[in-house]
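Here the structure is laid out as structure tokens; the discussion comes afterwards.
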Amino acid sequence: MKCSKCEQTAVFESKPTGSSLCKFHFVESVERRFKQEIRRQVHFNNGNTTIGVAISGGKDSSVLLYLLWKTMQKKKNVVLKAFTIDEGIEGYRSEGLKTAEKLCNKLGISHEVITFSGSFNTEMDQVVRSGNLQGSPCAYCGPMRRDLMNRMSEEFNADYVALGINLDDYSQSIMMNVLRGDYEKMLRMAPHKNRIQGLVPRIIPLRKIYEKEVKLYAILEGIEHDMGWCPYAMEAQRNKVRSLLNSIEENSPGTKLAIEGFLEKLQKHDIKQEEITLTEKCLICGNPSNGPYCQSCIRNGKAKSNKLSI
Ligand code: SF4
């Protein structure tokens with residue numbers, strides 16, 4: 001099979017566009033879409049723009065860091081600062097951490113680690129072993145991770161925090177909010193234009209790039225990444241949505257892009273994200289919340305629930 005743009009052998013076939021691409025044109029296509037998203041999502045200041053990058057050592061965040069580094073290399077006033085969240089999941093995070101550290105050293109980017117144990121006095125393994133879970137482990141881990149992400153970005157004085165969320169992940173998250181009927185949460189999804197109530201805006205420049213494209217890009221560009229899976233991931237509701245979307249995409253290529261485009265249009269034309277705000281402040285940590293306590297304090301055990309006893 002030949003490349004649709006030149007005489008070289010194709011290494012990738014894109015079903016939504018019907019094109020086949022050689023190594024050179026595939027890499028070019030990924031980088032072009034990434035840069036387009038950077039232009040859409042980042043408003044560069046006249047002074048320095050600092051981007052905090054959440055890196056787990058997995059393929060998505062490693063490709064994200066590498067592409068940010070490659071794209072920003074010539075921009076003297078952009079500073080990248082990477083960090084890894086260690087949730088305390090035995091046999092999973094340690095390998096990713098080593099890979100993340102190695103990549104940061106190679107690219108000359110500073111790297112810090114923040115742990116659940118140091119911040120919440122608990123670890124995910126402990127939370128799961130407690131046997132008091134209501135819902136999946138991810139429902140506990142997610143809010144605590146978001147809390148630490150924001151804390152690290154505040155510490156870095158970052159203008160943005162970049163997350164390695166590919167198109168597959170993003171379309172799943174949109175659908176999960178639809179299935180739960182959580183319209184407000186869906187509209188609050190990244191990318192964020194502005195700082196809302198102290199939350200550092202999140203950017204997701206991989207949102208239009210399929211997971212398999214991220215994987216292939218990592219291989220072709222020689223980006224080392226950890227391939228381990230979180231042992232708790234299998235319990236997530238996300239897995240059901242993932243299989244459903246994969247089977248629809250197989251029959252109707254481009255479905256995931258259409259789901260992403262649907263939310264993008266909603267956010268662009270009809271809704272001001274700033275107006276879909278979290279209305280209260282957590283009584284414990286002061287973070288924005290939808291009740292007396294934020295989800296992080298409820299999930300890490302500092303608050304019992306959002307129902308106040310009178
Ligand atoms: Fe946390 Fe769930 Fe991700 Fe595992 S899969 S790290 S439990 S959010």
Side-chain angles (χ1 to χ4, degrees), residues 52-65 82-101 111-153 161-177 179-180 182 185 188-190 202 204 206-207 211 214-215 225-246 287 294-302:
V53 189
I55 173 164
S56 66
K59 67 176 185 324
D60 299 303
S61 59
S62 300
V63 165
L64 168 78
L65 187 71
F83 64 91
T84 302
I85 296 171
D86 184 351
E87 304 88 349
I89 301 173
E90 208 188 322
Y92 164 60
R93 184 52 74 216
S94 51
E95 284 310 305
L97 243 170
K98 280 185 221 152
T99 317
E101 239 155 36
H111 178 239
E112 287 191 29
V113 180
I114 185 165
T115 63
F116 271 26
S117 59
S119 312
F120 304 124
N121 205 22
T122 190
E123 298 193 322
M124 268 315 288
D125 284 339
Q126 232 175 302
V127 171
V128 173
R129 272 199 303 266
S130 73
N132 298 326
L133 291 193
Q134 289 173 354
S136 74
C138 301
Y140 287 74
C141 187
M144 293 195 269
R145 279 160 59 102
R146 284 192 288 277
D147 182 5
L148 294 191
M149 233 178 258
N150 202 51
R151 282 195 218 177
M152 281 309 282
S153 312
V161 57
L163 309 181
I165 296 179
N166 62 47
L167 176 61
D168 294 58
D169 295 336
Y170 194 55
S171 54
Q172 287 154 22
S173 300
I174 297 169
M175 283 309 292
M176 283 163 75
N177 283 321
L179 296 174
R180 290 184 194 127
D182 204 336
K185 193 170 172 196
R188 283 201 309 268
M189 283 175 71
R202 294 182 205 135
I204 45 170
L206 299 176
R207 72 169 164 173
E211 183 176 17
V214 175
K215 251 185 220 168
H225 57 277
D226 180 47
M227 289 192 278
W229 272 82
C230 171
Y232 306 130
M234 297 314 289
E235 295 175 41
Q237 189 212 8
R238 178 175 292 274
N239 290 319
K240 293 179 195 155
V241 176
R242 179 185 293 123
S243 326
L244 177 72
L245 289 187
N246 283 349
N287 277 340
C294 71
Q295 283 301 312
S296 175
C297 286
I298 293 173
R299 298 306 190 180
N300 70 44
K302 285 186 189 160

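Numbers here are sequence positions counted from 1. Computed from a prediction, not measured in an experiment: that's the story for all the values here. Worth knowing before you read on, the calculation uses all heavy atoms, side chains too, and leaves out hydrogens, waters and symmetry mates. Ligands are counted one by one from 1 in listed order, and the atoms in each one are counted from 1 as well.
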I'd like to check which ligand 1 atoms, numbered from 1 as shown, lie under 4.0 Å from a non-hydrogen atom of Cys230.
4 (Fe), 5 (S), 6 (S), 7 (S)

Is there an N/O/S atom in Cys141 that lies less than 2.8 Å from atom 4 (Fe) of ligand 1?
no

For Arg145, counting its heavy atoms only, list the atoms of ligand 1 lying under 4.0 Å from any of them.
6 (S)

Applying salt bridge (Lys or Arg N to Asp or Glu O under 4.0 Å) to Arg145 and not counting sequence neighbours gives Glu87

Taking salt bridge (Lys or Arg N to Asp or Glu O under 4.0 Å) as the test, write out the residues that go with Arg146, two or more places apart.
none

Exactly one candidate in Met152, Met149, Arg151, Arg93 meets side-chain contact (heavy atoms from CB on, under 4.5 Å) with Ile85; the answer is Met149

Evaluate the side chain to side chain donor-acceptor pair (under 3.5 Å) criterion for residues Asp60 and Asn166: first the C-alpha distance (whole Å), next the side-chain angles of each, then the deciding distance (0.1 Å), finally the verdict.
CA-CA 7 Å; Asp60 299 303; Asn166 62 47; 2.9 Å; yes

Check: of Ser136, Cys138, Pro143, min heavy-atom distance to atom 5 (S) of ligand 1 comes from Cys138

